[in-house]
Amino acid sequence: MTGIIPTDALEPRGNEELPHEVAGTDVGTQFTADGSPAAGSAPDSGPTAPKKRRRSGLNVSPRFWVAIVLVAFVMLLAFVGPFVYPYGPNAAAGGLYDPPSAHHWLGTDNFGHDVLGVLIAGSRNSLFNGLLAGVIATTIGVFIGILAGYVGGWLEEALMGITNVVLAIPALIVLILISVSVQNSNISFMKGIVGLALVIGITSWPWTARAVRAQASSVATREHIDIAKLSGARLPSIMALDVFPYLASYIVMAFVLQVASAILAEASLSMLGLGPQGTNSLGIQLHWALAFQAMGSGAWWAFFPPTIILTLVSFALLLLQSSLDEVFNPRLRRGKKKAVKAAAARRAAAARRLASQPVPERATS
Amino acid sequence: MGLGRYIGKKALWYGGALLAAIVLNFILPRLVPGNPVDTIVSSLARGGSVTADQQQKIYASFVSQFGLDKPLWQQFLIYLNNIVHGNLGVSFSAYPVSVNHLVGQAVPWTLAIQLPSIIIGWIIGNALGAIAAFKGGRWDSGAFTSSLLLSAMPYYCLSIILLYFLALKAGLFPVGGAYSYGLSPGFNMQFITDALHYYWLPFLSLVLVIIGGQAVGMRSMAIYELGSDYVNFSRGLGIGQGKIVGYIFHNAMLPQITGLALSIGTMVGGALITELVFNYPGMGTLLFNAISSNDYPVIQSITLIITVAVLFANFAVEVVYGIVDPRIRAAKTGEK
């Protein structure tokens with residue numbers, strides 16, 4: 001029972017609600033089996049089907065590596081860039097929209113700042129904002145989701161009621177309203193990148209909470225929870241040690257999506273003119289490029305770099321999420337024709353086996 | 001649960017959400033120290049275009065209009081009363097033009113660009129996703145990766161790229177705006193052909209992103225259905241491939257139809273930034289200008305309109321689902 005088998009099978013699959021019985025059956029069969037499905041289980045239920053078991057390690061698709069390389073590239077630009085590239089974001093480096101040259105690789109922007117320098121600082125801030133907001137949103141969402149899903153009852157009703165109300169109001173609207181207020185206030189902390197990350201974090205947790213609730217309430221019906229209760233574990237300990245690990249892979253995916261959406265939310269706000277003040281970010285860079293007619297003057301170097309980095313980041317993160325989804329959720333894996341043939345062969349084999357054996361005395365487990 | 005009770009419960013929830021949204025809309029700008037009118041009127045005075053006398057008058061009219069001299073709860077009631085009567089107030093920056101007028105000018109442009117692109121993008125995207133799921137193999141990974149790239153791209157990034165290559169480099173389309181300078185909007189041939197010329201680029205950039213998103217969604221829905229039990233069971237029964245594909249398509253479509261309904265609801269606020277990039281005179285540009293001039297009444301009205309549209313679309317979808325699919329009514333607390 002080591003390696004990939006448990007993670008594969010215990011994973012709540014599907015993005016939405018999971019019927020309790022399905023999850024239950026999987027656990028039941030998986031613990032009895034060491035690779036081949038136990039008697040009584042559906043012969044071709046995806047994750048338990050024996051295939052390519054000899055392969056060790058994570059079963060990741062090439063997409064995963066593409067995503068990793070892209071993320072690594074942006075990280076490198078953002079965090080190693082400042083030590084390699086000589087120009088900072090705030091130093092006057094030239095005139096208005098100087099074209100790229102040997103000194104200034106991506107030319108200068110409307111303030112005469114070096115575009116690559118601004119891009120490096122902006123990427124760093126955007127990534128930082130995304131990670132911080134992602135951590136905040138995921139933490140709140142997971143906490144509320146597990147609490148609601150595991151405890152159930154009136155607490156679940158109340159928490160999900162709040163979640164659904166918050167979810168129904170478009171997040172961007174709340175962000176705009178809060179940012180308008182923050183910008184005109186005199187709390188300088190909130191006007192910075194950390195304040196913005198905070199605001200994005202506390203407005204974008206609801207969908208994580210709702211999804212985690214669905215998964216947690218299916219975990220709550222499993223037997224190991226009863227064992228934990230019988231052995232006297234308290235609520236926080238059950239939530240953290242007995243429920244959380246079963247959702248971990250799901251939470252990782254939710255976190256990746258939260259980071260991506262936080263980066264895009266920051267960019268949207270900044271382009272509307274509501275971004276953090278006195279600092280750089282990809283959205284702010286675009287905002288100034290649009291405001292100072294970089295398009296009209298043909299200064300592609302002023303607006304293309306942030307556009308491309310934004311696209312790369314959000315593409316890479318979504319790709320990462322979808323390839324993780326394929327790892328955790330084998331039903332989505334494709335290899336279409338081969339898989340269909342293999343499935344047909346499995347079905348045939350299972351049918352032969354069933355025909356030769358009496359049906360096991362096992363009611364719906 | 002009966003249908004009536006189901007709808008009643010939903011109405012209660014969405015009513016609650018609406019109230020929460022209105023309270024947020026009302027309270028957030030007022031949390032700022034000092035009242036917005038002070039800031040606005042003093043900035044008007046700094047511009048030097050307004051005399052002290054006019055300034056006094058503007059100030060007095062704002063204060064009486066918003067009831068700023070009254071306690072907060074009374075202000076809220078005034079605000080509610082205004083909303084219920086469809087009165088969105090008067091713009092700060094374009095005083096004395098009413099917000100209703102400004103919004104009324106912007107909304108048609110937004111609808112004209114959004115509605116066709118959502119519907120056409122939805123149809124093409126779903127067809128593409130379904131084909132990718134059924135064909136599989138190389139076709140699938142190619143279509144999937146490019147759809148993912150399109151859908152992962154923020155709307156405005158694609159807009160910027162298209163704007164640069166198609167408008168600036170190739171000169172196929174005008175760079176921004178919605179109609180030529182000197183024309184005034186109206187229903188005549190000259191204006192419509194001119195506006196269409198400006199229309200293509202923003203339309204294209206929206207439709208491509210929508211196609212991407214829909215294709216990704218449809219593909220994974222169809223793949224999920226392809227591996228489900230009823231498909232295996234049908235195969236076991238020897239039902240023909242064509243019929244099975246029909247079942248799969250039917251089931252995979254349901255969530256996509258919900259998606260269509262919801263995206264029509266988010267239409268008004270769906271592409272604020274794209275409009276900004278193209279300098280298209282819709283809600284996005286209106287909001288941008290309002291933000292840069294601290295025009296609270298306009299900002300608040302736009303956020304309110306978008307919220308109401310979204311809530312209404314959600315509510316409508318849930319009611320229709322409740323009527324169409326009894327299982328949803330029967331579901332326990334579930335998704336609520």
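Order of the sequence lines fixes the chain letters, A, B, ..., with proteins taken first and strands second; residue numbering starts at 1 for each chain.
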In Å and rounded to the nearest 0.5 Å, what is the [atom1] to [atom2] distance from [X] to [Y]?
X: A/Leu177; Y: B/Thr307; atom1: CG; atom2: OG1; value: 7.5 Å
X: B/Thr303; Y: A/Ile173; atom1: OG1; atom2: CD1; value: 5.5 Å
X: A/Leu272; Y: B/Ile291; atom1: CG; atom2: CD1; value: 4.5 Å
X: A/Met160; Y: B/Trp13; atom1: CE; atom2: CH2; value: 10.0 Å
X: B/Leu287; Y: A/Leu274; atom1: CG; atom2: CG; value: 7.5 Å

Item to check | Non-hydrogen atoms of B/Leu276 and A/Met271 that approach each other most closely | outcome: CD2-O, 3.5 Å

Item to check | Interchain contact, B/Tyr156 with chain A, by part (heavy-atom threshold 4.5 Å) | outcome: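 Contact with chain A involves the side chain of B/Tyr156 alone.
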
Next on the checklist: At a 4.5 Å cut-off on heavy atoms, which part of B/Leu158 comes close to chain A: side chain, backbone, both, or neither?
Outcome noted: neither

Where on [X] is there a heavy atom nearer than 4.5 Å to chain B: the side chain, the backbone, both, or neither?
X: A/Ala267; answer: both
X: A/Ile176; answer: side chain
X: A/Leu290; answer: side chain

Checklist entry - B/Ile160 and A/Leu286: side chain to side chain contact (heavy atoms under 4.5 Å, CB included), yes or no, with the steps? => result CA-CA 10 Å; B/Ile160 292 174; A/Leu286 276 175; 3.7 Å; yes

Next on the checklist: Can you confirm whether more than 12 heavy atoms, excluding those of B/Phe233, are under 6.0 Å from its CZ atom?
Outcome noted: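 Open: at most 12 neighbouring heavy atoms sit under 6.0 Å from CZ of B/Phe233.
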
Next on the checklist: So, using side-chain contact (heavy atoms from CB on, under 4.5 Å) as the criterion, who are the partners of B/Ala20 when residues are at least two apart?
Outcome noted: A/Val165, A/Ile169

Pairs of donor and acceptor atoms involving the side chains of residues 305-314 of chain A, under 3.5 Å and at least two apart or interchain, shall be tabulated with distances.
unit_1	atom_1	unit_2	atom_2	d
A/Thr307	OG1	A/Phe303	O	2.5
A/Thr311	OG1	A/Thr307	O	2.7
A/Ser314	OG	B/Ala152	O	2.4

Checklist entry - With a 4.5 Å heavy-atom cut-off, do B/Leu272 and A/Leu172 have their side chains touching? => result yes

